[in-house]
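Have a look at the structure below, then the notes.
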Amino acid sequence: MQLGRRSFLKTSSAAALASALPLRAADTAPAAKPRLGFDNFSIRALGWKADRLIDHAAEQKVTALLFSDLDVYESHDEAYLRDLKQKAESHGIALYAGTGGICPTAHRFSDKWGSAEEHLQLTLRVAKAVGSPVARCYQGFSEDRKSPGGIRARMADTLAVLKSVRQFALDTGVKIAIENHAGDMRADELRDLIEEAGPDFVGATIDSGNATWALEDPLENLEILGPHTVCSGLRDSMIWQDDQGAQVAWTALGEGIVDMKAYAKRFTELCPSAPFILEIISGFSRGFPYLQPDFWPPYETVPAPSFARFLALARKGESIPPFKPDGDKQQAEQAEQAYQLAELERSLTWCRENLNLA
């Protein structure tokens with residue numbers, strides 16, 4: 001439709017006046033704050049099922065809870081799952097559902113839940129029943145970078161699984177949220193997988209700790225994956241140099257070398273609708289002997305500027321001791337449970353005192 005000269009001038013004047021007026025309160029409203037919560041894997045030593053985990057989430061006054069495995073449920077019956085959803089909602093808690101590996105050729109793929117496609121479809125059904133907007137999963141582990149064809153071959157196999165369940169996922173209204181897991185894919189690799197599969201039904205579960213296992217600075221990882229992020233599993237990391245290369249130890253929030261305040265601020269800007277889920281895994285370190293020539297073939301595509309950022313963190317870090325429980329088997333198990341609870345609770349406290357989260 002053509003616009004007459006008089007109408008154009010009237011419209012232009014109104015637009016100019018509107019731009020000169022002060023913004024209304026609604027226009028200046030602050031961006032939504034991500035929900036704060038935790039992954040049940042943070043306190044895995046307790047072996048709690050979903051119902052008890054919701055109770056603990058309520059006690060901790062969080063607003064999000066990720067069930068990252070299918071064994072956490074008493075059953076996968078829809079009525080039972082809906083009851084969990086209602087219980088969580090009564091406490092103001094949003095549930096997020098997930099599972100493990102979905103690449104059929106990955107190093108540790110399990111057929112416990114059937115084929116990769118059947119496994120993913122089950123996870124999508126569970127996610128829909130508990131009201132989760134995502135079905136968190138992952139491709140594999142760092143060992144897959146050394147497999148025949150390397151990580152790109154495993155990505156191709158994962159892509160085939162994703163495409164086979166595309167319509168099923170769209171019908172459920174649940175987005176598949178693939179995690180950068182245990183050093184398998186770097187941020188650029190996971191981004192490529194998501195974009196090739198289709199961002200309409202696939203997104204990212206961003207993991208700040210796993211980024212360091214892929215020789216990444218978590219802040220750089222966030223810049224790349226943030227636009228695709230729909231879920232998360234977050235913790236701090238301490239990195240330090242040794243005579244072989246570097247050691248990485250995951251830590252509670254605020255106790256590592258990563259600037260988690262800057263991370264949370266950027267997280268809110270890039271993916272405010274995604275929950276800020278803590279997945280605290282600590283008490284040990286893993287070596288990355290990058291000074292040894294045979295270390296590099298699986299990482300030959302790592303860009304030099306990206307590795308330089310990882311090195312910068314390693315040069316600033318300092319070694320920390322591992323957690324070593326004392327006593328017999330029962331005492332050690334109890335110590336591990338107490339340790340995991342304390343690590344999570346200390347992290348939640350740090351978040352509330354230092355981060356602007358819901």
Side-chain angles (χ1 to χ4, degrees), residues 38-42 44 66 68-69 96 98-103 106-108 134 136-146 151 154-155 158 176-194 203-226 228-239 246-253 255-260 263-264 266-267 270-271 274-288 290 298-299 301-302 306-307 309-310 313-314 317 343-344 347:
F38 65 88
D39 182 336
N40 67 298
F41 196 72
S42 296
R44 58 204 172 277
L66 170 60
S68 59
D69 64 84
Y96 295 82
T99 192
I102 61 162
C103 176
H107 180 70
R108 303 189 208 177
V134 306
R136 172 266 186 187
C137 57
Y138 56 77
Q139 177 174 280
F141 293 79
S142 60
E143 296 95 326
D144 296 315
R145 301 191 73 87
K146 303 176 184 178
I151 200 65
R154 306 291 73 73
M155 290 168 61
T158 303
I176 299 169
I178 303 178
E179 181 180 311
N180 55 305
H181 184 258
D184 62 352
M185 287 181 286
R186 291 171 53 83
D188 58 329
E189 292 163 339
L190 178 51
R191 176 202 60 203
D192 292 349
L193 176 63
I194 291 168
T205 295
I206 194 167
D207 190 305
S208 56
N210 288 333
T212 61
W213 276 22
L215 307 180
E216 293 180 291
D217 176 346
L219 284 161
E220 179 185 31
N221 176 278
L222 175 61
E223 288 297 327
I224 296 170
L225 285 183
H228 290 296
T229 293
V230 292
C231 197
S232 63
L234 307 171
R235 57 195 167 279
D236 207 340
S237 297
M238 179 61 75
I239 311 172
Q247 293 284 329
V248 176
W250 294 330
T251 72
L253 265 286
E255 298 180 9
I257 199 66
V258 182
D259 186 346
M260 293 306 297
Y263 188 100
R266 194 64 178 133
F267 184 98
L270 290 173
C271 39
F276 199 86
I277 300 286
L278 305 188
E279 185 185 19
I280 308 304
I281 311 170
S282 55
F284 67 98
S285 66
R286 176 179 174 179
F288 291 84
Y290 53 73
Y299 298 96
T301 59
V302 175
S306 179
F307 183 60
R309 291 184 62 157
F310 176 85
L313 290 175
E343 290 283 287
L344 175 58
S347 295

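All residue numbers in this chain count up from 1 along the given sequence. Quick note: numbers below take in every heavy atom, side chains included, and nothing from hydrogens, waters or symmetry partners.
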When rounded to the nearest 0.5 angstrom, what distance separates OG1 in T212 from CZ in R286?
-> 9.5 Å

Option from L225, L270, V230, I224 for which side-chain contact (heavy atoms from CB on, under 4.5 Å) with I206 holds | L225

Side-chain heavy-atom pair R235, N210 within 4.5 angstrom cut-off = yes

Pairing residues for D144 by the side chain to side chain contact (heavy atoms under 4.5 Å, CB included) criterion, not counting sequence neighbours = A106, H107, F141, S147, I151, R154

Check: I178 and M185 side chains under 4.5 Å, non-hydrogen atoms = yes

On a heavy-atom basis, the closest approach of C231 and A274 is N-CB, 4.0 Å

Working to the nearest 0.5 Å, report the span between CG of D188 and CG of L193.
-> 11.5 Å

Could you tell me whether the side chain of S232 reaches within less than 4.5 Å of the side chain of F267, counting heavy atoms only?
-> yes

Any salt bridge between D69 and R44, counting N to O under 4.0 Å?
-> no

Which atom pair, heavy atoms only, marks the closest approach of S42 to I280?
-> OG-N, 2.9 Å

So, H228 side chain and G203 main chain: donor-acceptor pair closer than 3.5 Å or not?
-> no

Is any side-chain heavy atom of E279 less than 4.5 Å from a side-chain heavy atom of D207?
-> yes

Kindly compute the distance separating CD1 (I239) from OG (S285), expressed to the nearest 0.5 Å.
-> 11.5 Å

So, do Y299 and L215 sit near enough that their side-chain heavy atoms are less than 4.5 Å apart?
-> yes

State, to 0.1 Å, how close Q139 and C103 come at their nearest heavy-atom pair, and which atoms those are.
-> O-CB, 3.4 Å

Residues passing the side chain to side chain contact (heavy atoms under 4.5 Å, CB included) test with T251, sequence neighbours excluded, are D236, M238, E255, I320

Rounded distance (nearest 0.5 Å) linking atom CZ of R191 with atom OG1 of T229 | 12.5 Å

Residue pair S142 / D184, side-chain donor-acceptor N/O under 3.5 Å | no

Do you know the tightest heavy-atom contact between Y138 and E179?
-> CB-O, 4.0 Å

Would you say the side chain of Y263 lies within less than 4.5 Å of the side chain of L234, judging by non-hydrogen atoms?
-> yes

Closest approach of A252 and S347, non-hydrogen atoms and distance?
-> CB-OG, 3.2 Å

Measure the acute angle between the ring planes of W250 and F284, then classify it against the limits of 30° and 60° as parallel, tilted or perpendicular.
-> perpendicular

Does the pair E143/R108 count as a salt bridge with the N-to-O cut at 4.0 Å?
-> yes

When you look at Q247 and F288, which way does the side chain to side chain contact (heavy atoms under 4.5 Å, CB included) test go after all the steps?
-> CA-CA 6 Å; Q247 293 284 329; F288 291 84; over 6 Å; no

Between F307 and Y290, is the ring centre distance below 6.0 Å?
-> yes

Under 4.5 Å between any side-chain heavy atoms of S208 and L222, yes or no?
-> no

What closest approach, in Å, do T205 and G233 show between heavy atoms, and which atom pair accounts for it?
-> CG2-N, 4.3 Å

Do the non-hydrogen side-chain atoms of F38 and L66 ever get within less than 4.5 Å of each other?
-> no

No-hydrogen, no-angle side-chain donor-acceptor test under 3.5 Å, R186 and T301 = no

Side chains of E220 and S306, donor plus acceptor under 3.5 Å | yes

